[in-house]
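The next block holds one structure in the form of structure tokens; read it before the comments.
Numbering of residues begins at 1 and proceeds along the displayed sequence.
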Amino acid sequence: MVEADVKLLNFPYKKAASVVTAVPKGPGEDVVEFAKRRLGLDADEWQRKILRSKAKRGILNCTRQWGKTTVSVAKAVHRVFTVPKSLVVVASPGLRQSGEWMRKAAEMLARLEIPKRGDGYNKISLLLPNGSRIVGLPEVEAKIRGFSALSMLVIDEAARVSDEMYKALRPMLSVGNGDLWMMSTPFGKQGFFYETWEHGGDGWLRVRVPATECKRISKEFLEEQRSVMGMDSFRQEHMCEFVGSGMGSFDRDLVEAALDDDLEPV
């Protein structure tokens with residue numbers, strides 16, 4: 001269901017006089033250096049690995065506020081900036097989330113001196129001078145069909161996107177053999193995000209980053225969160241664990257051990 005009273009990012013559209021191929025500075029510039037120098041993203045170790053990854057399928061199971069949306073935007077912006085006429089589509093649980101993802105993309109493109117401009121066909125879209133596009137979709141299965149030859153499909157907050165939406169999105173990758181990246185915090189042992197993480201096979205690059213491995217999140221904050229959220233919610237939102245419905249008990253020592261400074265990361 002689409003949320004009411006959502007303001008769309010309907011960027012003004014102007015017909016491009018010509019197609020200009022935009023390329024990074026210097027031959028073969030590293031994507032991490034590109035993100036830092038041109039997009040203002042000082043990536044951490046895992047974000048650097050994601051940016052450099054050539055995987056066709058990637059799934060990020062990460063704590064809240066780690067920066068999974070930001071790194072996916074940077075990866076997508078690098079793609080459309082360096083590969084002319086490429087199409088990146090981002091899907092999410094609703095217009096609000098897609099709009100926020102696209103807002104970050106517009107900000108990164110502005111750093112590349114590319115102004116906001118829609119493609120003239122889609123309400124939430126960005127058109128680059130080199131003919132590439134980024135299009136944001138709501139979770140309305142009936143309204144997303146028609147896209148093809150994608151260079152990249154991004155599914156943000158994937159654990160909260162319906163299975164029906166996922167099934168409608170995947171055929172878009174067939175002709176262009178595009179990449180598929182999904183990212184989320186867990187939302188129970190259900191849905192395609194959980195099934196892909198647990199049973200998707202070796203074709204997926206899996207990245208799990210709990211809050212205890214994110215230097216930007218303090219131990220004090222996690223202690224506070226653990227005390228107010230309850231153990232199941234803490235495990236799910238910050239420890240990246242798939243907590244099934246109806247599970248009310250939990251071994252507190254496991255979370256306390258995860259917060260132990262002397263414990264080595266898995």
Side-chain angles (χ1 to χ4, degrees), residues 2-3 6-25 29 31 34-35 37-41 51 56 69-157 161 165 168-183:
V2 180
E3 299 95 330
V6 175
K7 184 178 181 181
L8 302 179
L9 292 178
N10 191 4
F11 301 134
Y13 170 72
K14 292 182 180 179
K15 185 177 180 181
S18 60
V19 174
V20 179
T21 301
V23 296
K25 181 180 180 181
E29 182 181 20
V31 60
F34 172 88
R37 184 177 64 86
R38 305 296 300 273
L39 305 181
L41 175 60
L51 288 171
K56 299 295 292 182
T69 297
T70 300
V71 74
S72 70
V73 171
K75 191 174 183 71
V77 166
H78 180 263
R79 175 67 58 84
V80 296
F81 187 69
T82 59
V83 182
K85 298 184 179 180
S86 57
L87 173 60
V88 171
V89 167
V90 56
S92 68
L95 285 175
R96 194 179 305 277
Q97 290 92 337
S98 291
E100 179 63 17
W101 196 99
M102 293 290 287
R103 181 188 65 81
K104 292 183 179 182
E107 289 176 352
M108 288 189 182
L109 288 174
R111 295 181 66 96
L112 299 171
E113 299 184 352
I114 297 176
K116 294 179 182 178
R117 183 170 61 189
D119 65 3
Y121 304 100
N122 299 283
K123 289 183 177 180
I124 309 179
S125 61
L126 291 163
L127 175 66
L128 278 68
N130 67 356
S132 293
R133 293 186 296 153
I134 305 176
V135 178
L137 300 177
E139 190 185 15
V140 183
E141 185 271 337
K143 295 183 179 181
I144 67 171
R145 299 174 182 271
F147 292 93
S148 63
L150 269 62
S151 179
M152 182 184 298
L153 171 62
V154 178
I155 308 179
D156 198 21
E157 298 297 338
V161 172
M165 176 79 162
L169 288 167
R170 283 197 59 107
M172 298 178 186
L173 299 167
S174 57
V175 176
N177 192 29
D179 301 346
L180 170 56
W181 285 82
M182 62 175 77
M183 59 283 310

Of all the heavy-atom pairs spanning Ala74 and Leu41, show the shortest one and how long it is. CB-CD2, 3.8 Å

In terms of the angle between their ring planes, are Phe81 and Phe34 parallel, tilted or perpendicular, with boundaries placed at 30° and 60°? tilted

Just how far is it from atom CG of Asn177 to atom CG of Leu150, taken to the nearest 0.5 Å? 11.5 Å

Examine distances only and state if a side-chain atom of Ser86 and a backbone atom of Ser132 form a donor-acceptor pair shorter than 3.5 Å. no

Decide side chain to side chain contact (heavy atoms under 4.5 Å, CB included) for Leu180 and Arg170; before the verdict, give the C-alpha distance in whole Å, the side-chain angles of both, and the deciding distance to 0.1 Å. CA-CA 9 Å; Leu180 170 56; Arg170 283 197 59 107; 3.5 Å; yes

Mind checking the CE-CD spacing from Met102 to Glu107? Nearest 0.5 Å is all I need. 12.0 Å

Is Asn130 reaching over with its side chain to a backbone N or O of Thr82, donor-acceptor style, under 3.5 angstrom? no

Taking side chain to side chain donor-acceptor pair (under 3.5 Å) as the test, write out the residues that go with Arg79, two or more places apart. Ser151, Asp179

Interatomic distance, Ile124 atom CD1 to Leu95 atom CG [nearest 0.5 angstrom]: 5.0 Å

Nearest 0.5 Å, what's the CD1-CG distance between Ile114 and Leu126? 9.5 Å

Before giving the answer on side chain to side chain contact (heavy atoms under 4.5 Å, CB included), spell out for Lys75 and His78 the whole-Å C-alpha distance, their side-chain angles and the decisive distance to 0.1 Å. CA-CA 5 Å; Lys75 191 174 183 71; His78 180 263; 5.9 Å; no

Compare all side-chain heavy atoms of Lys56 with those of Leu173 and state whether any distance is below 4.5 angstrom. no

Please name the pair of heavy atoms, one in Val77 and one in Met108, separated by the smallest distance, quoted to 0.1 Å. CG2-CB, 4.2 Å

Quick check: closest heavy atoms across Ser98 and Leu137, and the distance to 0.1 Å? OG-O, 2.6 Å

Please name all residues satisfying side chain to side chain donor-acceptor pair (under 3.5 Å) with Trp101, sequence neighbours left out, ordered by chain then number. Ser72

Could you give the distance from CZ (Arg133) to CG (Leu87), rounded to the nearest 0.5 Å? 5.0 Å

Minimal heavy-atom distance between Leu51 and Ala35, with the atoms involved, is CD1-CB, 4.0 Å

Determine, stepwise, if the pair Met183 / Asp156 fulfils side chain to side chain contact (heavy atoms under 4.5 Å, CB included). CA-CA 5 Å; Met183 59 283 310; Asp156 198 21; 3.5 Å; yes

Atom CG of Leu128 and atom CG of Asp119: how far apart are they, to the nearest 0.5 Å? 11.0 Å

Could you tell me which non-hydrogen atom of Gln97 sits nearest to which non-hydrogen atom of Ser92, and how far apart they are? CB-OG, 3.4 Å

